[in-house]
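Encoded as structure tokens, the structure appears first; notes follow it.
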Amino acid sequence: MDDITRTAPAPWPEPVTIDKADPRYPDLAGRGINARFPAAPAAIGLPATPRHVAELVADAVSAGRRLAVRSGGHCFESLVDHPEVDVVIDLSEMKAVGWDPEHRAFAVEPGASLGAMYRTLFLGWGVAVPAGRCPEIGVGGHVPGGGGGALSRRYGLSVDHLYGVQVVVADGSGRARLVTATREPGDPNRDLWWAHTGGGAGAFGVVTRYLFRSPDGDGRLLPPAPAAVTKKTVRWSWDDLDEARFVALVRAFGLWHERNSAPGDPGAQLDNSLTLPRAGGGEVTLETAFDAGRPDAAELADALIADLGRAAGSSPEVAAETRSFLAAVLVPDEFAGVKGRFKSKAAFLRSCWEEDVVARLYRRLTDQAGYQNPAAAFYLLSHGGAINAVGQEETAMAHRDAVLKAYGSVFWWDPREDETHLGWIRDTYRELFADAGGVPDPDRGYGGAFVNYADADFADPELNRSGVPWHRLYFRGNYARLQEVKGRWDPGEVFRHALSVRPPGA
């Protein structure tokens with residue numbers, strides 16, 4: 001088995017296996033970001049090459065040990081840090097980014113962070129993969145969920161530029177082997193590539209390399225990165241927002257996206273977010289970002305800000321900042337390096353929430369009698385544009401008709417408070433989607449959910465009583481096809497977790 005081309009020699013000749021007695025164990029075992037799920041696998045495998053990965057997979061299968069795979073360590077749920085997992089394959093040292101002349105594509109190993117990928121591709125070639133906004137996240141788990149970010153309304157999702165994957169798979173006998181799968185129509189392994197364009201991480205095998213090359217016929221290998229990015233920020237104090245103004249403000253944001261999210265629409269130049277914290281936890285905040293070299297984008301941003309100002313009944317001061325591309329995309333996430341307990345719940349919205357739904361959210365965010373935690377918020381994030389130019393079946397990522405992502409989270413420290421905080425976020429979410437059984441049912445007007453924002457509640461019959469199965473929310477009409485791929489490439493479910501695709505008939 002040939003190792004992939006690396007920018008540096010492999011740091012060690014054989015895979016490293018670390019048990020609980022090893023002084024390296026705590027650092028590797030504790031890489032998960034959610035303190036609700038302590039990790040205690042019997043062993044952690046640390047590969048440096050695809051051959052190492054195959055050996056670790058084969059050893060785990062031979063010994064009957066359940067395994068899980070980690071790249072960046074940003075999984076929201078216990079999909080990796082699960083008490084039944086015996087072996088974690090940690091990909092953090094497989095982080096090369098470079099050019100693959102054989103496939104004429106940019107090659108990125110799964111342990112690279114999004115920030116490292118952005119930096120190398122920009123400095124080396126002036127291009128970018130339109131991936132996530134948080135530079136600390138690992139490429140390995142982000143891409144197969146269909147991840148996108150600030151450039152996606154202009155250029156599509158990361159998977160829309162995914163030419164191929166190299167994957168260690170395990171057949172029915174447990175034999176591990178390295179397979180290359182591309183989007184080429186004649187590739188006999190094309191179904192495995194397709195499954196990695198939105199079927200979720202850790203479900204089909206271990207990706208050892210992603211190959212990126214845009215499908216455009218204009219000669220571009222990847223989208224050009226802007227030289228600089230301008231971000232404009234507007235904040236509204238809770239003191240200035242009663243229920244009516246809050247509803248009008250949120251509705252104005254949603255309605256703008258309904259009008260400006262078609263493929264090719266000029267408004268797709270803007271990447272927007274609306275932060276709705278609990279009262280006492282900060283101000284309601286609009287952020288809009290765009291290519292600083294586009295005066296028309298600046299005009300669109302100003303029009304959006306004015307629209308929201310009219311809705312809120314005030315025109316607060318606008319803060320504007322222009323940064324170089326790398327300075328803009330390498331800004332750390334606000335929770336980077338902070339490991340606490342949290343729960344997140346998300347949904348795709350095909351249209352703006354109705355007034356009564358926004359009013360429910362206002363009451364949940366401002367109620368100080370039943371809940372006091374300031375570290376809770378909801379966010380509305382841009383979707384659509386070039387994302388929606390791709391057919392729902394062209395990739396496994398089926399959410400090609402939404403205009404917004406809604407994302408709610410709550411953060412705390414004390415495990416004794418788990419039920420209080422979990423109860424608040426779950427009850428709030430159920431209220432927002434009460435007309436669809438408490439979930440964003442694609443058959444009742446909503447767009448489903450984003451598998452990268454993993455939410456195991458959907459797979460728990462005690463918490464999801466909507467009658468809508470979890471896979472309908474995450475994969476919509478693509479699930480049956482994903483099951484066929486699973487049956488071909490991982491019939492023994494070597495790679496499994498609470499939200500992984502199941503084989504046919506399972």
Side-chain angles (χ1 to χ4, degrees), residues 1-34 37-75 77-96 108-113 116 138-141 144 165-179 201-210 339 489-490 492-497 500:
M1 183 182 301
D2 294 330
D3 290 344
I4 68 170
T5 302
R6 299 178 58 89
T7 56
W12 42 82
E14 301 299 330
V16 175
T17 301
I18 296 166
D19 62 23
K20 292 183 177 180
D22 194 296
R24 295 168 289 182
Y25 182 91
D27 286 320
L28 289 171
R31 289 185 60 230
I33 61 169
N34 197 339
F37 308 114
I44 300 171
L46 197 62
T49 70
R51 178 178 62 81
H52 293 174
V53 174
E55 290 180 12
L56 289 167
V57 170
D59 289 347
V61 173
S62 176
R65 293 175 141 192
R66 179 169 170 178
L67 61 81
V69 185
R70 168 172 286 152
S71 59
H74 289 78
C75 183
E77 294 280 3
S78 61
L79 308 188
V80 177
D81 295 327
H82 192 280
E84 294 179 7
V85 168
D86 301 305
V87 178
V88 170
I89 298 178
D90 187 295
L91 302 170
S92 57
E93 291 303 308
M94 295 181 65
K95 52 190 176 184
V108 183
E109 290 186 329
S113 67
V139 171
V165 287
Q166 289 188 330
V167 193
V168 171
V169 296
D171 62 21
S173 66
R175 183 174 68 95
R177 59 194 177 100
L178 182 66
V179 175
F204 303 94
V206 184
V207 178
T208 61
R209 182 164 65 159
Y210 293 95
K339 184 171 181 176
W489 293 103
D490 184 27
E493 287 198 277
V494 169
F495 304 99
R496 66 187 188 275
H497 52 69
S500 61

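Worth saying up front: this structure is predicted, and the values here are computed from it rather than measured.
- The CZ atom of R66 sits 9.5 Å away from the CD atom of E493 when rounded to the nearest 0.5 Å.
- Side-chain N or O atoms of K339 include one that pairs as donor or acceptor with a backbone N or O of G32 at under 3.5 Å.
- Atoms CG and CG, from L28 and L46 in turn, are 6.0 Å apart once rounded to the nearest 0.5 Å.
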Show the numbers, then the answer: is there a side chain to side chain contact (heavy atoms under 4.5 Å, CB included) between D490 and F204? CA-CA 6 Å; D490 184 27; F204 303 94; 5.6 Å; no
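- Of all the heavy atoms in A39 and P41, the pair that sits closest is C-CD, 3.6 Å.
- Between R496 atom CZ and L67 atom CG the span is 8.5 Å, to the nearest 0.5 Å.
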Audit row: E109, K95, salt bridge (Lys or Arg N to Asp or Glu O under 4.0 Å) steps and yes/no: CA-CA 5 Å; E109 290 186 329; K95 52 190 176 184; over 6 Å; no
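- Here the closest non-hydrogen pair linking A48 and W12 is CB-NE1, 3.5 Å.
- One distance of note links OG of S113 with NE2 of H74; it measures 9.0 Å at 0.5 Å rounding.
- Note that CD of Q166 and OG1 of T208 are 5.0 Å apart. Values are rounded to the nearest 0.5 Å.
- Contact annotation: the side chain of R70 never approaches that of S92 to less than 4.5 Å [non-hydrogen atoms, C-beta and beyond].
- Judged by distance alone, with hydrogens and angles left aside, the side-chain atoms of T17 form no donor-acceptor pair with the main-chain N or O of G45 at under 3.5 Å.
- Side chain of D19 to main chain of D22: a donor-acceptor pair is present (N/O by atom type, distance under 3.5 Å, no hydrogens or angles).
- In this structure, D81 contributes its side chain and P38 its backbone to no donor-acceptor pair below 3.5 Å.
- The closest side-chain heavy-atom distance from V88 to V80 is below 4.5 Å.
- A pairwise comparison of heavy atoms in A203 and S500 identifies CB-CB, 3.9 Å as the closest pair.
- Rounded to the nearest 0.5 Å, atoms CD (E14) and NE2 (H52) are 5.0 Å apart.
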Run I18 and V16 through side chain to side chain contact (heavy atoms under 4.5 Å, CB included) and show every step you take. CA-CA 7 Å; I18 296 166; V16 175; 3.8 Å; yes
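- Between I44 and Y25, the closest side-chain pair of non-hydrogen atoms falls below 4.5 Å.
- Using a 4.5 Å heavy-atom cutoff, the side chains of F37 and C75 are not in contact.
- Between V168 and the options V179, I89, L178, a side-chain contact (heavy atoms from CB on, under 4.5 Å) holds for only L178.
- Scanning both residues, V69 and V206, for their nearest heavy atoms gives CG2-CG2, 3.7 Å.
- The shortest side-chain heavy-atom distance between M94 and S71 does not fall under the 4.5 Å cut-off.
- Between the side chain of H82 and the backbone N or O of A68 there is no donor-acceptor pair closer than 3.5 Å.
- Looking only at side-chain heavy atoms (C-beta outward), P47 and V53 come within less than 4.5 Å of each other.
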Please tabulate, for side-chain N and O atoms in residues 55-65, each donor-acceptor pair with protein atoms closer than 3.5 Å (sequence neighbours left out).
from: E55; atom 1: OE2; to: R51; atom 2: NH1; distance (Å): 2.7

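- Y210 and G140 get closest at one heavy-atom pair: OH-O, 2.8 Å.
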